[in-house]
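Written out below as structure tokens is the structure these notes cover.
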Amino acid sequence: MKLATWNVNSVRIRAGLVADFLAREQPDLLLMQEIKCEDGQFPGEPFKDLGYHAAIVGQKSYNGVAVLSREPVEVRHRALPDQEHDGHARYIEVSFRDLTIGNLYLPNGNSGGDDGYRAKISWMENLRRHAAAMLDAEQDFILAGDYNVCPTDADFAKGALGADDALVRPETRAAFNALIWLGLTDAVRALHPNDPLYTFWDYQAGAWQRDRGLRIDHALLSPRVAERLVAVDIARAERDKPQPSDHVPVVVSIMD
DNA sequence: ATGACATTCAGCGAATGA
């Protein structure tokens, strides 16, 4: 089973690149974030032509998440539990075969002052609570997407972020570690413990050319799923394409 | 210290992002 997660930064602008990626990689599931459109504006046809179904939680202009799948999936949640009323389209959860798949776009936390940052931490605590509930229910799951967290100093290029950036603050990392310490596995770090690996490069200041990137897109696996992990790939080549997203796909392969 | 770049909605600039 092959799953990819990709913050596409507008699915309407990027529909061609996404279709090319699907045709080449043929993932069973593609989790997209920042689709930046309402459900009715979603460009489903190029994906349908490649045999993909779409489950969409959109909103006008900002945020928005969607799951493309080669098999029909059942939508379990259209918002993170306890986070339903914030008006942000940031979570969709589906059942795929024996797995529960959560696709998330976590708040950045740098805008909106203290309230904005508190909202990020609160979102992370709700995610931890939901993950704990799924573990209690003995569900096997993957929680993947744009976490907007650099878990350690190895996860961003020197000089790419300030020490008090919401992506690296101690409280942010503590909230991420609280997820890990439930027993979840960071798929990329499980197979590549030491490499500098990035999934995002800013459009500004030549960040891509200078490899000043961040690792903020993650796939966290519940214990029995982690035992089935066989490969991960960060599709860096997507960042070199014409009119790219600032994020690239993270691809995770799990034994069936 | 600042801006750099891209996207959306609007409408010839503002808001947001990480």
Side-chain angles (χ1 to χ4, degrees), chain A residues 5-18 31-43 56-66 86-91 103-124 127 144-173 175-176 186 188 196-219 234 236 238-250:
Chain A
T5 176
W6 193 4
N7 179 323
V8 295
N9 184 20
S10 170
V11 70
R12 288 178 290 177
I13 294 281
R14 232 69 70 191
L17 283 181
V18 171
L31 317 184
M32 291 189 285
Q33 304 88 37
E34 284 207 90
I35 63 170
K36 292 189 171 178
C37 66
E38 296 177 296
D39 294 25
Q41 303 172 301
F42 186 85
I56 305 156
V57 173
Q59 79 178 77
K60 191 173 181 176
S61 305
Y62 302 115
N63 308 319
V65 288
D86 64 5
H88 288 197
R90 293 182 178 273
Y91 190 80
N103 173 17
L104 62 106
Y105 174 47
L106 220 147
N108 174 294
N110 279 313
S111 61
D114 290 345
D115 287 349
Y117 185 67
R118 271 196 297 274
K120 173 178 191 162
I121 297 300
S122 170
W123 210 101
M124 295 182 78
L127 182 62
D146 180 355
Y147 278 74
N148 272 316
V149 175
C150 296
T152 75
D153 285 353
D155 296 315
F156 66 99
K158 204 175 265 295
L161 291 173
D164 67 341
D165 192 285
L167 279 62
V168 300
R169 280 191 216 168
E171 304 94 307
T172 305
R173 287 176 168 173
F176 185 83
D186 175 341
V188 169
L197 292 168
Y198 308 133
T199 64
F200 165 93
W201 295 261
D202 201 286
Y203 290 120
Q204 301 185 59
W208 167 244
Q209 288 74 14
R210 300 158 68 190
D211 198 24
R212 283 175 66 136
L214 316 176
R215 192 176 76 93
I216 54 178
D217 300 276
H218 309 298
I234 297 176
R236 284 176 62 104
E238 291 299 328
R239 190 63 179 79
D240 241 350
K241 305 237 163 130
Q243 220 178 355
S245 171
D246 39 8
H247 298 248
V248 298
V250 176

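Computed from a prediction, not measured in an experiment: that's the story for all the values here. Computed over heavy atoms, backbone and side chain alike; hydrogens, waters and symmetry mates excluded. Throughout, a chain's letter reflects where its sequence line sits, starting with A, and its residues are numbered from 1.
- With A/Trp208 as the fixed residue, the side chain to side chain donor-acceptor pair (under 3.5 Å) test singles out one of A/Asp202, A/Asp246, A/Asp240: A/Asp240.
- With A/Ile35 as the partner, the side-chain contact (heavy atoms from CB on, under 4.5 Å) test is satisfied by one option alone out of A/Val65, A/Val57, A/Asn7, A/Ile56: A/Ile56.
- Going from the P atom of B/dG13 to that of B/dA1 covers 29 Å, rounded to whole Å.
- Atom CZ of A/Arg118 is separated from atom CD of A/Glu171 by 11.5 Å, given to the nearest 0.5 angstrom.
- Of the residues in residues 161-171 of chain A, those lying under 4.0 Å from DNA chain B by heavy-atom distance are A/Leu167.
- For residues 158-169 of chain A, there are no salt bridge (charged side-chain N to carboxylate O under 4.0 Å, His left out) pairs, not counting sequence neighbours.
- No donor-acceptor pair closer than 3.5 Å links the side chain of A/Lys241 to the backbone N or O of A/Leu17.
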Audit row: A/Tyr147, A/Leu127, side-chain contact (heavy atoms from CB on, under 4.5 Å) steps and yes/no: CA-CA 11 Å; A/Tyr147 278 74; A/Leu127 182 62; 4.0 Å; yes

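- Between the P atoms of B/dT2 and B/dA6, the separation comes to 23 Å (whole Å).
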Trace of the salt bridge (charged side-chain N to carboxylate O under 4.0 Å, His left out) decision for A/Asp211 with A/Arg239: CA-CA 11 Å; A/Asp211 198 24; A/Arg239 190 63 179 79; over 6 Å; no

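- Between the P atoms of B/dA4 and B/dA14, the separation comes to 14 Å (whole Å).
- Atom CD in A/Gln59 sits about 10 Å away from atom P in B/dG17, given to the nearest Å.
- Between the CD1 atom in A/Ile121 and the CG atom in A/Leu106 there is a gap of 9.0 Å [rounded to 0.5 Å].
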Annotated protein contacts, base or backbone, on nucleotides 6-15 of chain B with a non-hydrogen cut-off under 4.0 Å, one of B, S, - each: SSSSS----B

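- Screening A/Leu167, A/Val168, A/Val149, A/Asn108 for a side-chain contact (heavy atoms from CB on, under 4.5 Å) involving A/Ile216 leaves a single residue, A/Leu167.
- Nucleotides B/dA10 and B/dT16 are separated by 15 Å at their P atoms, to the nearest Å.
- To the nearest angstrom, P of B/dA18 lies 18 Å from CZ of A/Arg212.
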Stepwise salt bridge (charged side-chain N to carboxylate O under 4.0 Å, His left out) test for A/Arg215 and A/Asp186: CA-CA 12 Å; A/Arg215 192 176 76 93; A/Asp186 175 341; 2.9 Å; yes

Atom pairs under 3.5 Å: protein N/O with N/O of nucleotides 2-4 of chain B:
from	atom 1	to	atom 2	distance (Å)
B/dA4	N9	A/Gln204	OE1	2.8
B/dA4	N7	A/Gln204	OE1	2.4

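- In this structure, the side chain of A/Thr5 does not engage the main chain of A/Ala144 through any donor-acceptor pair within 3.5 Å.
- Here A/Asn7 reaches the OP1 or OP2 of B/dA18: one of its side-chain N or O atoms lies under 4.0 Å away.
- The CD-P distance, from A/Gln209 to B/dC5, rounds to 11 Å in whole Å.
- By the side-chain hydrogen bond (donor to acceptor under 3.5 Å, both in side chains) test, A/Lys36 pairs with A/Asn9, sequence neighbours left out.
- Residues from residues 105-122 of chain A placing a heavy atom under 4.0 Å of any atom in DNA chain B, listed by number, are A/Tyr105, A/Asn108, A/Ser111.
- Look at CH2 on A/Trp208: it is 18 Å from P on B/dA18, rounded to the nearest Å.
- In this structure, NE2 on A/His218 lies 6.5 Å from SG on A/Cys150, to the nearest 0.5 angstrom.
- Listed for the A/Asp217 side chain is no donor-acceptor partner under 3.5 Å among the backbone atoms of A/Trp6.
- Nucleic acid contact for A/Asp146: sugar-phosphate only, since backbone atoms but no base atoms lie under 4.0 Å from a heavy atom of the residue.
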